[in-house]
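Worth saying up front: this structure is predicted, and the values here are computed from it rather than measured. Just so you know, these numbers use all the heavy atoms, side chains as well, and skip hydrogens, waters and symmetry mates. Order of listing sets the numbers, starting from 1, for every ligand and every atom in it.
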Amino acid sequence: MKVTLKVWRQKSASDKGKIETYQLAEVSEHMSFLEMMDVLNEQLITEGKIPVAFDHDCREGICGSCSMHINGEPHGPDRGVTTCQLHMRMFKDGDTIYIEPFRAKGFPVIKDLVVDRSAFDRIQHAGGFISVPTSGNTQDANSIPIPKADADKAFDAATCIGCGACVAACKNASAMLFVSAKVSQFSLLPQGKIEAKRRVLQMVEQMDKEGFGNCSNTGACEAECPKGISLENIARMNREYLKASASSSE
Ligand code: SF4
Ligand code: FES
């Protein structure tokens with residue numbers, strides 16, 4: 001199939017950037033979106049032009065680096081998938097596809113479609129360590145009973161891959177879905193309760209410092225999250241934050 005690509009090109013962080021138009025004549029519907037981008041870059045290199053910079057690593061939906069805004073949606077029109085798992089069969093012959101970087105103050109553009117998401121690393125670092133010892137003999141898994149429902153919720157929260165689609169989807173560029181997943185994956189488990197208060201206070205403080213906005217309550221983050229992270233995590237983080245704030249001011 002033939003597609004017209006309208007791609008955001010930006011030489012550097014200080015460049016203004018603009019949309020450039022490219023035509024691809026032979027795209028297979030079985031290609032992944034990133035394979036289609038590889039074809040575009042081969043074409044650009046053959047023409048002596050600079051290829052489009054974009055992030056990718058695992059190409060199987062686990063690293064969270066392939067963050068693109070495709071036709072106005074983070075990770076494109078399919079549900080529950082990352083850009084690397086999106087296939088060209090989601091588009092039709094003759095389609096025009098707009099491809100832009102994730103837009104948020106906390107995610108400055110480095111080049112073309114690559115944004116700096118190190119703010120997420122700093123938020124996670126702010127959460128600090130877990131003091132439960134992990135060295136020595138491995139503890140029997142059954143020695144700390146954890147209700148199945150809590151274990152499942154903690155595991156679901158831990159599937160967040162830090163892609164940033166929640167931020168890109170939110171009109172306030174809020175990072176609350178991401179941060180609440182990282183808070184919840186520990187706070188739901190006994191091992192994570194020891195530092196729970198310090199963790200939530202420090203992570204929320206860092207989130208604010210990085211320039212992310214408040215929750216817009218529209219649920220756009222949950223709708224666009226490739227891992228189905230639930231808004232329930234934001235409610236849990238808010239409760240944890242209130243509890244921690246109240247006890248730290250006692
Ligand atoms: S909550 Fe979902 S959209 Fe946000 S960073 Fe995690 S996986 Fe990506
Ligand atoms: S390249 Fe790793 S999630 Fe897409």
Side-chain angles (χ1 to χ4, degrees), residues 31-38 41 52-70 72-88 90 99 101-107 112-127 153-188 200 203-204 206-207 210-238:
M31 279 179 184
S32 73
F33 199 83
L34 295 190
E35 282 168 338
M36 183 278 295
M37 293 298 292
D38 292 338
N41 277 346
V52 178
F54 63 91
D55 250 344
H56 60 100
D57 188 1
C58 69
R59 295 202 177 205
E60 56 181 349
I62 52 174
C63 75
S65 62
C66 58
S67 305
M68 293 182 196
H69 221 235
I70 302 161
E73 283 187 85
H75 298 303
D78 208 353
R79 295 275 77 85
V81 297
T82 52
T83 300
C84 59
Q85 297 172 303
L86 178 68
H87 280 83
M88 291 311 292
M90 293 300 293
I99 309 167
F102 280 2
R103 306 277 187 194
K105 188 177 161 199
F107 291 161
D112 296 335
L113 305 174
V114 180
V115 300
D116 179 357
R117 281 175 296 134
S118 56
F120 272 15
D121 297 334
R122 290 189 291 273
I123 292 170
Q124 282 188 265
H125 291 170
K153 282 181 188 168
F155 182 81
D156 286 347
T159 61
C160 164
I161 54 173
C163 65
C166 45
V167 173
C170 178
K171 62 182 179 180
N172 287 346
S174 170
M176 287 185 80
L177 195 65
F178 163 76
V179 180
S180 67
K182 298 302 168 196
V183 165
S184 293
Q185 72 183 30
F186 296 122
S187 70
L188 282 158
V200 70
M203 288 181 88
V204 169
Q206 189 66 35
M207 173 181 81
E210 299 289 350
F212 296 108
N214 279 329
C215 178
S216 62
N217 291 311
T218 61
C221 54
E222 185 186 62
E224 298 291 353
C225 173
K227 298 296 165 187
I229 301 295
S230 164
L231 286 175
E232 193 188 303
N233 290 296
I234 297 185
R236 182 178 303 105
M237 180 174 79
N238 287 340

### Query
Which residue holds the protein heavy atom closest to atom 8 (Fe) of ligand 1, what is that atom called, and what is the gap in Å?
Cys163 SG, 2.4 Å
## Note on the structure
Note: ligand 1 atoms sitting under 4.0 Å from heavy atoms of Gly162 are 5 (S), 6 (Fe)
### Query
Where is the nearest protein heavy atom to atom 6 (Fe) of ligand 1: which residue, which atom, and how far?
Cys160 SG, 2.4 Å
### Summary
Heavy atoms of Met176 and Ile234 approach each other most closely as O-CG1, 3.8 Å
### Message
Does any part of the side chain of Phe54, heavy atoms only, come nearer than 4.5 Å to the side chain of Cys66, both counted from C-beta?
### Response
no
#### Entry: Identity and distance of the protein heavy atom lying nearest atom 3 (S) of ligand 1
Cys166 N, 3.3 Å
### Task
Hey, could you give me the CG/CD1 distance between Leu113 and Ile99, rounded to the nearest 0.5 Å?
7.0 Å
#### Entry: CD1-NZ distance between Ile123 and Lys182, expressed to the nearest 0.5 angstrom
11.0 Å
### Query
Heavy atom under 4.0 Å from ligand 2: found in Ile62's side chain, backbone, both, or neither?
backbone
### Summary
For Ile229, the ligand 1 atoms with a heavy-atom partner under 4.0 Å come out as 1 (S), 2 (Fe)
### Task
May I ask you to decide if the ring planes of Phe120 and Phe212 are parallel, tilted or perpendicular, using 30° and 60° as cut-offs?
tilted
### Message
Salt bridge or not between Arg79 and Glu73? Use side-chain N to carboxylate O under 4.0 Å.
### Response
yes
### Distance, nearest 0.5 Å, that separates CZ of Arg117 from CG of Asp55
6.0 Å
### Task
Answer whether the closest heavy-atom distance between the side chains of Phe33 and Met37 falls below 4.5 Å.
yes
### Message
What's the separation between atom OG in Ser180 and atom CG in Asn238, rounded to the nearest 0.5 Å?
### Response
8.5 Å
### Which segment of Cys221 sits under 4.0 Å of ligand 1 when only heavy atoms are counted
neither
#### Entry: Cys66 neighbourhood, listing ligand 2 atoms whose heavy-atom distance to it stays under 4.0 Å
1 (S), 3 (S), 4 (Fe)
### Query
Does some non-hydrogen atom of Ala181 fall short of 4.0 Å from ligand 1?
no
### Task
Considering the heavy atoms of Cys84, write down every atom of ligand 2 situated less than 4.0 Å from one of them.
1 (S), 3 (S), 4 (Fe)
### Query
Near Pro226, which atoms of ligand 1 are under 4.0 Å from a heavy atom of that residue?
3 (S)
### Task
Do me a favour and list the nearest non-hydrogen protein atom to atom 3 (S) of ligand 2 with residue, atom name and distance?
Gly64 N, 3.2 Å
### Closest approach of any protein heavy atom to atom 7 (S) of ligand 1, naming residue and atom
Ile161 N, 3.5 Å
### Task
Below 4.0 angstrom from a heavy atom of Cys63, which ligand 2 atoms are there? Numbered from 1 as shown, please.
1 (S), 2 (Fe), 3 (S)
### Task
For atom 2 (Fe) of ligand 1, find the nearest protein heavy atom and state the residue, atom name and distance (0.1 Å precision).
Cys225 SG, 2.3 Å
### Atom indices of ligand 1, in the order listed, that fall short of 4.0 Å to a heavy atom of Gly164
5 (S), 8 (Fe)
### Query
What atoms in ligand 2 come closer than 4.0 Å to a heavy atom of Gly61?
3 (S)
### Message
For the backbone of Ser118 and the side chain of Asp116, can you confirm whether one donor and one acceptor N or O come within less than 3.5 Å of each other?
### Response
yes
### Query
Nearest protein heavy atom to atom 1 (S) of ligand 2, by residue and atom, and its distance?
Arg59 N, 3.1 Å
### Query
At a 4.0 Å threshold, what atoms of ligand 2 neighbour a non-hydrogen atom of Asp57?
1 (S)
### Query
Just by distance, with hydrogens left out, do His56 and Ser65 show a side-chain donor and acceptor under 3.5 Å apart?
no
### Message
Using a 4.0 Å cutoff against the non-hydrogen atoms of Cys58, which atoms of ligand 2 qualify?
### Response
1 (S), 2 (Fe), 3 (S)
### Query
Do Ser184 and Asn233 have side-chain N/O donor and acceptor atoms under 3.5 Å apart?
yes
